[in-house]
Amino acid sequence: MFELLKEDAGARRGRLTLPNGVVQTPIFMPVGTQATVKSMTAAQIHDCNAQIILSNTYHLNIRPGSALVERLGGLHKFMGWNKPILTDSGGFQAFSLSKLRKITEDGITFKSHLDGAKLFISPESCIQIQKELGSDIRMVLDECIPYPCEKSACQKSVERTIRWAQRCLKAHQDLPQDGKMTFAIVQGGVYDDIRQDCAKALAQLDFPSYAVGGVSVGEPEEEMLKQVAASTQFLPKNKARYVMGVGTPRQLLRMIALGADMFDCVMPTRLARHGNAFTTRGIINLKNAKYKEDESPIDESVKSYASNFSKAYIRHLVVANEILACTLLSIHNTAFFLQLMQEARTHIEIGDFHAWSKNWIANYDSGE
RNA sequence: GGUUGGGUAUCCAAGUGGCUAAAGGGCGCGGACUGUAAAUCCGUUCAUCGUAGAUGUUCGUCGGUUCGAAUCCGACCCCCACCA
């Protein structure tokens with residue numbers, strides 16, 4: 001259940017109540033595709049103030065299999081995470097693994113990227129798999145359209161995504177109503193009118209909540225924000241709005257201003273593993289020689305377990321290719337994103353989100 | 001002392017007459033990354049001129065053969081293995 005608590009110049013402060021806990025929005029969800037937020041323990045994720053994490057239907061169904069996860073007590077127990085989990089449907093893999101799949105009206109047939117085994121995911125089985133995994137939020141099967149995409153092809157794809165959403169909704173309604181939610185996904189590529197039609201059609205279906213998909217697939221940032229705006233404005237106010245797969249700190253703040261409530265992105269954890277850290281003055285690359293003797297923590301204003309260490313030490317770990325570098329930077333970056341969301345919530349409550357966010361972005365863009 | 005094999009750029013290593021400033025790696029330096037086939041990928045890495053390109057100095061050392069040598073010849077210095 002989603003409750004809208006306050007609005008401030010387009011930004012929304014909300015509360016999502018799920019079987020495994022309450023999520024305060026706006027919120028960022030760390031990505032744990034394979035039932036792990038890479039390099040972090042559940043306790044560490046928790047200490048970064050994560051309220052909900054994301055996992056993936058396609059990956060978990062290929063390995064270890066949703067039936068096994070169910071037998072072992074569900075995803076929460078399996079991975080030792082007792083707060084909410086959102087599972088993505090595998091629709092994005094239709095995009096990222098486009099060479100390994102075939103889409104028909106029935107669903108998506110994948111050729112496993114691990115062993116070539118055939119895996120068919122239909123709208124119905126997609127919901128069933130996510131039910132077996134036990135996630136708090138399930139995503140409908142959608143087709144993430146590449147960029148660029150010709151308009152008529154986009155239109156046809158979106159129509160199918162809507163039909164799939166209807167089938168997913170039916171599958172969702174056939175399951176016990178235990179507080180678990182299923183989100184529909186607005187697609188439409190760069191075409192505002194298609195996005196508008198899609199959002200309206202899905203809104204009519206009265207899903208528990210909604211997502212905006214198909215963004216940040218190669219289009220410029222302004223285009224991406226335009227797509228989000230074109231989608232969110234036609235979604236019901238009393239439902240959560242999750243923008244999938246994004247974004248940078250700047251994008252997050254700007255999307256919050258467009259009325260988005262939830263986000264996920266691999267960026268903080270992936271960049272961490274690649275030696276980069278987010279700071280209030282932009283991204284820094286710890287591999288750079290200039291940090292060799294830097295005794296200060298990554299960012300004085302971001303508190304996490306990683307604050308205990310100097311840039312010089314973390315740089316050493318990165319350069320030496322030590323596993324701990326991945327962990328410490330993932331902790332830092334995850335805490336950074338979640339702290340940003342906490343501040344955003346606070347400023348929406350205060351009522352100065354716009355001014356604060358403008359100032360925050362200016363500082364972020366100013367560089368070191 | 002003898003017999004083999006070997007000494008190539010910061011390290012490992014290919015190259016046995018011209019297409020070689022010299023393959024590949026590593027290290028170093030820099031960059032990319034957005035619902036994770038990603039602890040990955042890309043660039044760069046002798047010196048000087050901003051890049052293109054040009055010039056200079058290189059393949060243990062010294063000398064030689066040749067129009068031309070990292071590559072052939074001689075001497076010498078090191079290293080490894082085996083023999084004694």
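Chain letters run A, B, ... following the sequence lines, proteins first, then strands; residues in each count from 1.
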| Any chance the side chains of A:T87 and A:Q130 put a donor and an acceptor closer than 3.5 Å? | yes
May I have the distance from [X] (atom [atom1]) to [N] (atom [atom2]), rounded to whole angstrom?
X: A:I53; N: B:U36; atom1: CD1; atom2: P; value: 12 Å
X: A:L60; N: B:G35; atom1: CG; atom2: C1'; value: 14 Å
X: A:M139; N: B:U36; atom1: CE; atom2: P; value: 11 Å
X: A:N61; N: B:A37; atom1: CG; atom2: C1'; value: 16 Å
X: A:F263; N: B:U34; atom1: CZ; atom2: C1'; value: 13 Å

Distance between the [atom1] atoms of [N] and [M], in whole angstroms?
N: B:G7; M: B:A14; atom1: P; result: 8 Å
N: B:C12; M: B:G6; atom1: C1'; result: 15 Å
N: B:A70; M: B:A81; atom1: P; result: 31 Å
N: B:C80; M: B:A13; atom1: P; result: 14 Å
N: B:C46; M: B:C59; atom1: P; result: 16 Å

Look at the side-chain N and O atoms of [X] and state whether any lies under 4.0 Å from the OP1 or OP2 oxygen of [N].
X: A:N56; N: B:U36; answer: yes
X: A:R270; N: B:A39; answer: no
X: A:R315; N: B:C29; answer: yes
X: A:Q93; N: B:G35; answer: no
X: A:N285; N: B:G30; answer: no

| field | Basic-acidic side-chain contact under 4.0 Å: A:D8, A:R13 | value | no
Categorize [X] for me: base, sugar-phosphate, or nothing, with a 4.0 angstrom heavy-atom threshold over every strand shown.
X: A:L86; value: nothing
X: A:N321; value: sugar-phosphate
X: A:G32; value: nothing
X: A:E219; value: nothing
X: A:S39; value: nothing
X: A:D264; value: sugar-phosphate
X: A:N276; value: base
X: A:L114; value: nothing
X: A:L54; value: sugar-phosphate
X: A:R254; value: nothing
X: A:V215; value: nothing

To the side chain of [X], which of [options] is closest?
X: A:V319; options: B:A38, B:G28, B:A37; answer: B:G28
X: A:C326; options: B:G31, B:A37, B:A39; answer: B:A39
X: A:H59; options: B:G35, B:A39, B:A37; answer: B:A37

| said: Check for me: is A:H274 stacked on B:U40 by the 5.5 Å centroid and 30° plane-angle rule? | reply: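 Yes; by the centre-distance and plane-angle rule, A:H274 counts as stacking on B:U40.
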| task | Kindly determine whether A:M267 and A:V31 satisfy side chain to side chain contact (heavy atoms under 4.5 Å, CB included), including the steps that lead there. | result | CA-CA 9 Å; A:M267 195 171 272; A:V31 178; over 6 Å; no
Any donor-acceptor pair, under 3.5 Å, between the side chain of [X] and the base of [N], if you only look at N and O atoms?
X: A:R250; N: B:U34; answer: no
X: A:S96; N: B:U36; answer: no
X: A:Q251; N: B:U34; answer: yes

| field | Ring centre gap for A:F309 and A:H316 strictly below 6.0 Å | value | no
| Closest-nucleotide ordering on RNA chain B, the 5'-leading residue of A:E221 and A:E322 |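 Nearest-nucleotide comparison on RNA chain B picks A:E221.
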| said: Looking at A:E105, I'd like to know if its CD atom is crowded, meaning that more than 12 non-hydrogen atoms belonging to other residues, nucleotides or ligands lie closer than 6.0 Å. | reply: yes
| message | When you measure from the side chain of A:S55 to the backbone of A:G32, do you find a donor-acceptor pair of N or O atoms at a distance under 3.5 Å? | response | yes
| task | Let me see the working for A:V318 and A:R315 under side chain to side chain contact (heavy atoms under 4.5 Å, CB included), right down to the final yes or no. | result | CA-CA 5 Å; A:V318 170; A:R315 173 187 142 81; 5.6 Å; no
